[in-house]
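Shown next, in structure tokens, is the structure this report addresses.
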Amino acid sequence: MLDFALWTSMALVVAALLLNVYRLAVGPDMPDRLLALDTMYVNSIALIVLMGLWLNTKTYFESALLIAMLGFISTVAVCKYLLRGDIIE
Amino acid sequence: MTLYVLLEGLIAFLLVAGGAFAFIGSLGMAHLQDFYMRLHGPTKATTLGIGCMLAASMLYFWVIDGQPHVQEMLITLFLFITAPVSAHLLAKTGLHLRLRRADRTRGDPPELRDEEVGEKPVPHPDLGHG
Amino acid sequence: MTFLRSWLPTPLLSSLLLVVWLLLVRSASPGQLLLGSFLAVVIPLATYRFRDSAPRISKPWLLLRFVLRVLVDILVANIEVAWLIVNPWRRLRPHFVEYPLMLENRFTITLLANTISLTPGTVSANLRLDGRTLLIHALDVDDEAALVRQIRERYERPLKEIYEC
Amino acid sequence: MESLYAITTGVLTACGLYLVLRGRTFPVVVGLTLLSYAVNLFLFSMGGLTTDGAAIVNGPGGYADPLPQALVLTAIVIGFAMTAFVMILAMRARSEAGNDHVDGRSREDREGRS
Amino acid sequence: MTLLWIALLPLLGVLVPALTAHRRRRFCSLATAALPALALVLTLAHWPSLAAGEVLRFAVDWMPALGLDLAFRLDGLALLFNSLIVGIGLLILLYAHYYLSATEPFGRFYAYLMLFMASMVGIAMADNLLLLWLFWELTGLSSFLLIGFWSHRSDARKGARMALTVTGAGGLALLAGVLLLGDIVGSFDMNVVLASGETILADPRYSLMLGLVLLGAFTKSAQFPFHFWLPHAMAAPTPVSAYLHSATMVKAGILLMARLHPAIAGSELWSLIVTLTGMITLIYGAWFALFKTDLKAILAFSTVSHLGLITVLLGIGSPMALVAALFHILNHATFKAALFMSAGIIDHETGTREIARLGGLRRAMPVTALLSTIAGAAMAGVPLFNGFLSKEMLFAETLAAPLLGGLGWLLPVLATLGGVLSVAYSLRLIHAVFFKEPREAPAQPPHEPPWLMRAPVALLALLCLVVGVAPVLVEGLLGLALEPVLGKAFEFHLSIWHGVNLPLMMSLVALIVGVAAYWRHANLRRLIKGFRPVDARLVFEAAIQSLGRIAERNLARLDGGSLQRYMTLLLLTALVMGVLGLAQMPVLTGSKGNQPLDGILLLGAGLLIFGGIGTAATHRYRLISLLMLSVVGLVVALTFARFSAPDLALTQLSVEVVTMILLMLALFFLPQKTPKESSNRRNLRDVGLAGALGVVVASLNYAVLTRDNASISGFFLENSVPGGGGHNVVNVILVDFRGFDTLGEITVLALAGLAIFKLLNRLRLFMPHSDGEGRLWSPDRYPAILTSISMALLPLALLVSAFIFLRGHNQPGGGFIAGLVTAVALILLYMARGVEWTQQRLDFPYQPVAIVGVATATLTGLGSWLFGYPFLTSAFGHFSLPLIGEFELATAMLFDLGVYLAVVGATLMILANLGKVTTPHRPAKEATESHATDTASRSGKEKH
Amino acid sequence: MIAHLIVLPVLLPLVAGVALLLKRQAGTRLKRLVGVGSTLLLLLVGIALVARANGGDIAYYALGDWQPPFGIVLVLDRLSALMVLLTAILALGVVVFACAGEDERGSNFHGLFQWQLMGINGAFLTGDLFNLFVFFEVLLLASFALLLHGGGKARILSGVHYVVLNMAGSALFLIAVGVLYGATGTLNMADMAVRLGELPAERTGLVTAGALMLLVVFGLKAAVLPLYFWMPRTYAAAPAPVAALFAIMTKVGIYAILRVYSLVFGDGAGALSRLEQAWVWWLSLGTLAVAGVGVLAARDLRLLVAYLLLVSVGTLMAGIGLGSPAAVSALLYYLVHTTLVTGGLFLLAELIGQQRGKAGTRLVRGRPLRQGGWLAGLFFVGAVAVAGVPPLSGALGKALLMASAEGSQRAWLWPLLLGTGLCALIALSRAGSTLFWRSQGDPGGLALPRSQWFGVIWLLSAAPLLVVLAGPVSDYTRATAEQLAHPQRMIEALLNTGGTP
Ligand code: NA
Ligand code: NA
């Protein structure tokens, strides 16, 4: 049952990532693409967690933690760039 | 024994639910009509989806190791701190760029009106590019 | 007391840090407790200069209640939004809502804004420069006033209560 | 799996190199970054592709080759240092030359010459 | 040992004028003369022993690897030449003492002269082929300095360069020839070479070697067609001309031919080339000497002619011809030096060397006139003067030479023609200057020069006369000199009268027709107007200049200054190399088959390919391209995680964020879009090239991945815990097994910070006030929500980085990642709160942090010295404290702390400094803004 | 200290650099003292290393006490000792020269300089392929920073080319190292040599690809024909002391080729043995030809010197292409000569430019030089030496190399070598006569400081000294070449117990 759930979940996350890619490619505007990228980051946390479950290891916990903590900073930087141009002012 | 079956079921449920939320979040992002609406999916559904999976992971390792694993809560904590911020900034950026909203959207925020207060009107030197 | 003040200016933050540390190292051995406490004291001191004068929490127990309420809201309302997204027959009624803020402190406003963003159906889209109005984008709203009222009662008031302002 | 991996590094390398061959500094820097990703993946795989074998020793087990990992880590950091430098150099070159062509010559210059 | 002194004394003599130049000229001249005079005395002192049949040699090893020895010999030939070189050199010195004007830097002049003398002596005495070549080239250099002495004059500069170029080229050919010769013989030792004539002639490389050596000799001795530099060398001060073109420089080639005669002459080829070249030169030089109007030019062309004469004799190569050659070397040196010096006196006194403007000087300067007439007569080959004797010997030898078969009559006829011409030009020279009435009276009446200035001329003229009357006097010297040239002793006798024979007739013909020719000179002139020689200098200059132009054009074609072209070349080279390797592989797939694929892997690969191609395809829209790049960065991190590299995943993730921020910061000051410039063809070509290399890389990758790898890594896995005290092998490799790499790497990082700091110094940037679409910037400088969150995040981030740092040795993590996390958290503050606010609170300089990091790592490594271990040896131990329990301390942690600090410091140096530069809120705000508009308007012109 | 002698050439400049960079605001005098002092010490260390290596033993230093092939080792043999000493000699002249004020024109000169030396010495000493990469990067980044010292448009723009090409080169390096590691499983060069001896035939192509790509990288650093284009302009634009120091940077590429291909792809490598040689040979000839053209075309003294450096690259590569111990010995002798002399010429060009005012180093009529006599004398020495005209060192080096060519090699090498020599002669005589003779107006400029004179004379005095000491120097290079021709000795020293740790 767990295996099935794991694979289902993975399939869903994969599908989610593909949707992100779609939005990233299509746009139409910069914030759309940025949103797609940001979501991709978050979804990749899911991917890592699922991998940890699959391999039965906690080695990748920090990777997920780091994405959660730092992933949004790229988004913030691009937003700031679009808003103000100069991101450190 | 039954406890384990129950737990396994719970874990499986959480996993699938998490996957489903993540998917729906991205689905919303992919197919809703305007940027402001697309923003909603990832901000919440995805975050919740990750939360579910993390819960599943916590439970799973708890079961496997026989001792509590609550580390994953930290990831959720960070996500809850950061996700709304990126959503907010994205929305702000969308407003700043005056992205089109769906026609039926109600409310007329001044952010989306034509006149806006900005800084000195010096044209960008690269305007001619491209 | 002054000793405690100067070494532990933000007890709540310090305890949060200690908890996080123990979660991180997945151990509550005396050694880790000691190390965690050390970090929980040192880090706030080191980063003290980077904090604006944060509002003091007068009623911590209310904070706990608030957090739980938000969690539940997230859970419940998310299902609603999921349904909104998935359901092909449903026509969404998006709405830009201007929300007049009662809170004045930036930090608490941030908490409110983030709460609004996390709870389904709403994203705080712009905090106006004057800090008085929050522009909210709602995914599916029937009654603007009801939304404003709900936010006010459910989130803003408790926050005001928690922080002494 | 190995073939897919190899194709991927190949494609990334090609994309990076294509950008490196562009005439403006920014795409070139982006290309160098992309190239370094590709090269890191390449170097990383020189010890083979191992699933579930992080080289954290505790007992016996099939571990991934840790040496290429250490090399790649070094390469990532050096690559970052280089990228940072070249990016800012490109900014500086733009401010000196007035344009961002890799040769510091504007289109008029180049057309005037040839 | 005295041999060494003879060779070295003139060389030391270079220093004397340099040291005494500040004294009075008389002192300096005398002092300069002392050492060469001593050398001359020493040389002559060996005469008796030479006469007794000895050959004196001296040798010490110098560069055995090359076969170069410091070896000198003193034989008859060297004696003859040394006497000429040093003897005439001393006379020239005396003459120059009066010749140079008071303001000229005589010390320098003397030094050059001495250098030249030393190098000539070296050629004469070298007993090693390579040593000979060294001195040979040194004559070229010193003559360059001498000819260009009046450097303010364009003709002097050009003449000097021409002489250097032509003789230098010859010298290079000579080097090749000498190396070949040494290779044929197996030694550069002159004795061995001279004794190996037969081996040399039999060697298949003989003709090539001969050609190269003769090229050297002919260029130096101004043989046709390399003669053209010589007349232009006349731009030198007259003492120089007198020296270089009578006794020395031009004789070097002759000397070389004479020196190597036993070894390389003796073939048909030699005779043919040398004789014919000499003959052509003889006629050519004489012909043009007749039509020159500048005194020194006449002398120059006559020199060319006389060198041809000597060459002819060397080419004929019979014993008497060699005697004649040596004899004429001596004779030519005397009369030509005398004539040059008197030409200098005339120039000095009248201010001109144009024969048209001269005339009747016998009245004003009778002594000079007499001396010049004597020397001129010698040059013309008038009986009773020395030139007559050697010229008659030439006639005799041309008659006897068994050359050219049926055309054998040609040589004597041409020789006679040469004689005719030389009579004519000598007569013209003397007559026009001293005897013909001048066309106009000179502005100042000329005087006789001081008698000491005239003394050298007198001495030489006297020699002409004495030798001409009593050639017996030089028989001994010539005999000695002949022996090494001929390779054996030879008995001969010089006399004035051989009876009435064909050579005498030829001399008479030469005299009579020569006088007649001068008589009808004007008609002849008209006759040859048609084929006046092209001015060699102009041709040479034009040739050199067009060489430069051609070089420039070709270089521009080759190297257009285009990075794209360079990069294409680099990649093409790499492609060729890669393909060459792959082509040698019988099969690409190794023995280790593919592992199974799954959906996640496909997705990952798909995302990477999407991101990569997306980055490339959207590169003209830079921000989008960046987002695509970010996808690649993220998925690369996931790939690392997927394939068991958590440390790499962490590093990649944090570097990715920092890179992104960096690129955004930079992009602000660059155009937002790339104009479409490249043609489709070029794009296609680039795609092809990049794609091909991609295929190569993929193939290599695949080939390695499908093969087993017997790596040394087992050692690391085994020793990580017992030897390095850590469970995370990657980290132990980084801080211990290969800590030296890491030390280098943090140095690189710190260097990047320093370099960027340098780059940002006084950087002038324009600040766009609106974005790419012309939209104004948002007025919200520091969005409040971001502000609050960045502050809330900071303590948490620090805690996490402490966690990552501390566990690094045993679990994924370590100093790098911890450092990057800290830095990113701080950068977030910069983004959220701005430079001013943050800087007030982070008020320490970053450079020391980075450097302290490097220092910490270094000092940790140095610590092991205290315990007698090599640099970077680690130590660790498990300790136990009550309450806390067991814990581990390792020096590697200290090393890692250095890494942490270096990363934090360097990253902040890079990003924060970059942020600061671009921020208008600085003390120098006004200045920046004026710059900004400035640059903005400038950049505005850049629109396409 | 003696036990750690081998690591000192890296540590000394590292520590000095740290000290200098730590106190950015320290007084100029103190910085100069530290910079010059450290370089002086480095010189002593270099001498000690050469003295030790000259015994003929090969020693190594195992960093972290991890024995080869597992840990990183520094290897001391005649070649590495020679290169370190050469670097120190060059550096001393350069750093003293810079003390005249060039060091104050931008930030952190002395610190960066020391780290640059660290990178160079590390590259010369390391016995590990990846560590070589790291040191390449150290010296590259330091050189980037130094190149931009003092700013200026030409520097920045030539810097872009330099940096971008070198970064691409670094990527290639990593690929090559990766392939070699993938095929052999080791990074230690001696160990790699051993493993190549037992390499299965089906991997030959893989290793060939890696080795040849590595050759591209080294060729890029060495500035050989299709890859040299970054060099002339970059060097011509660099500040004089930096350009002079750069004289050794191309030699790092040459050194790397010598080291890697003699050790790893030596006789023991079977089919892979000396696989670089044919390439190097033909490319060197091409380089010589192009460099000759460049020399003729250069209209600026600095550019001229840069192209002369390119000539020397071609000459050195030809030595590698010839391959015999005699040729390698010749190229090493020539390498010492050309490094010091071109370094001196770069410095000299700066002095000349300073005194010519507006005309700078452009080869056009300018004002006379205030100290023209001395400068002209030094220029004469440098020019004679670099053109390969007797009686200075270039001539001997060139003759040595020509003599070492055999058979048909001569037909290619001799004409080219002699031809470029002639080009150099033409160009230098033209340059000299324009700079020192063809002047008008009154001399201007200030008298030059003593330290600058020292720098130039220190470096150019190599030209006569190498002639006077031609015997011992060529004996040493000959022994070095023999050592390189027998890599087995090094392999034994490193992998058995032969060496002293
Ligand atoms: Na979100
Ligand atoms: Na800024």
Side-chain angles (χ1 to χ4, degrees), chain E residues 62-63 65-66 134 137-138 151 157 161 164-165 168-169 172 176 179 547-548 551-552 554-555 559 563 566 569-570 573-574 577-578 580-582 584-586 700 703-704 709-712 715 736-741 744 747-748 751-752 754-755 758 847-848 851 854-855 869-873, chain F residues 7 14 18 21-22 24 62-66 69-72 106-108 131 134-135 137-138 141-142 144-145 148 161 172 179 182 185-186 202 204-206 208-209 212-213 216 226-227 229 293-294 296-297 389-391 399-400 402-403 414 418 421-422 425-426 429 433 437 470-471 474 478:
Chain E
W62 187 357
M63 195 182 191
L66 185 59
L134 289 190
E137 290 286 59
L138 196 57
S151 60
R157 296 195 299 263
R161 277 169 47 203
L164 181 67
T165 307
L172 293 172
L179 286 175
L547 196 62
E552 253 180 308
N554 282 315
L555 198 69
D559 170 12
L563 177 64
Y566 305 162
L569 280 170
L570 172 64
T573 318
M577 296 299 183
L580 275 176
L582 285 171
Q584 289 182 28
M585 300 203 65
L700 288 173
V704 172
N709 178 357
S711 146
I712 50 172
F715 177 86
D736 198 340
F737 294 119
R738 298 183 67 90
F740 201 50
D741 274 350
T747 314
V748 169
L751 273 170
L754 294 166
K758 244 180 181 359
Q847 178 174 331
I851 303 302
V854 178
Y869 287 105
F871 183 64
L872 283 176
T873 307
Chain F
V7 78
L14 171 63
V18 163
L21 293 166
L22 205 52
R24 202 167 72 204
L63 289 148
D65 211 13
W66 297 107
F70 306 109
I72 295 173
S107 58
N108 291 327
N131 195 236
V134 172
F135 277 111
E137 300 301 298
V138 172
L141 239 172
F144 296 163
L148 305 170
H161 289 194
L172 278 178
V179 170
T186 192
E202 52 122 21
T204 315
L206 210 51
T208 307
L212 289 179
M213 281 181 141
V216 178
L227 315 168
F229 294 99
V293 174
L296 285 177
V389 177
L400 205 54
M402 284 174 67
W414 286 18
L418 295 174
L422 185 61
L425 198 63
I426 291 172
S429 63
S433 92
W437 288 351
S474 61
R478 181 77 205 200

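In the text below, chain A, chain B and the rest are named by the order of the sequence lines, each starting its count at 1.
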Q: Take T747(E) and V134(F) through the test side-chain contact (heavy atoms from CB on, under 4.5 Å) and record every step on the way to the result.
A: CA-CA 10 Å; T747(E) 314; V134(F) 172; over 6 Å; no
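- Remark: S474(F) engages no residue in a side chain to side chain donor-acceptor pair (under 3.5 Å) (not counting sequence neighbours).
- Ring geometry for F70(F) versus F715(E): interplanar angle under 30°, hence parallel rather than tilted (30 to 60°).
- Across all non-hydrogen atoms, the minimal contact from L164(E) to L425(F) is O-CD2, 3.8 Å.
- Closest of all the heavy-atom pairs between R161(E) and S433(F) is CD-OG, 3.5 Å.
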Q: Decide yes or no on side-chain contact (heavy atoms from CB on, under 4.5 Å) for V138(F) and L751(E), but give the supporting numbers first.
A: CA-CA 8 Å; V138(F) 172; L751(E) 273 170; 4.0 Å; yes
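- Of the two parts of L227(F), only the side chain, counted from C-beta on, holds a non-hydrogen atom closer than 4.5 Å to a non-hydrogen atom of chain E.
- Q847(E) approaches L21(F) most closely through the heavy-atom pair NE2-O, 2.8 Å.
- Contact annotation for L206(F): both backbone and side-chain heavy atoms come within less than 4.5 Å of a heavy atom of chain E.
- Proximity of L172(F) to L570(E): side-chain heavy atoms (C-beta onward) are separated by under 4.5 Å at one or more points.
- Side-chain atoms of E202(F) never come within 3.5 Å of backbone atoms of P586(E) as a donor-acceptor pair (strictly under, hydrogens ignored).
- Interface residue F229(F): backbone and side-chain heavy atoms are both found under 4.5 Å from chain E.
- In terms of heavy-atom pairs under 4.5 Å with chain E, the best-connected choice from V216(F), L422(F), V7(F), I72(F) is I72(F).
- Of all heavy-atom pairs between A176(E) and L418(F), the closest is CB-CD1, 3.7 Å.
- Contact tally against chain E (heavy-atom pairs below 4.5 Å) for L296(F), N131(F), V18(F): the top residue is N131(F).
- Contact check for L14(F) versus V854(E): side-chain heavy atoms found under the 4.5 Å cut-off.
- Closest heavy-atom contact between L141(F) and A755(E): CD2-CB, 4.2 Å.
- Considering only residues two or more places apart in sequence or on other chains, W414(F) meets the ring pair (Phe, Tyr, Trp, His ring centres under 6.0 Å) condition with none of them.
- The greatest number of non-hydrogen atom pairs below 4.5 Å with chain E, out of M402(F), M213(F), H161(F), is found for H161(F).
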Q: Step by step, work out the side-chain contact (heavy atoms from CB on, under 4.5 Å) result for W66(F) and D736(E).
A: CA-CA 9 Å; W66(F) 297 107; D736(E) 198 340; 2.8 Å; yes
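- Nearest heavy-atom pair across L179(E) and A403(F) is CD2-CB, 4.0 Å.
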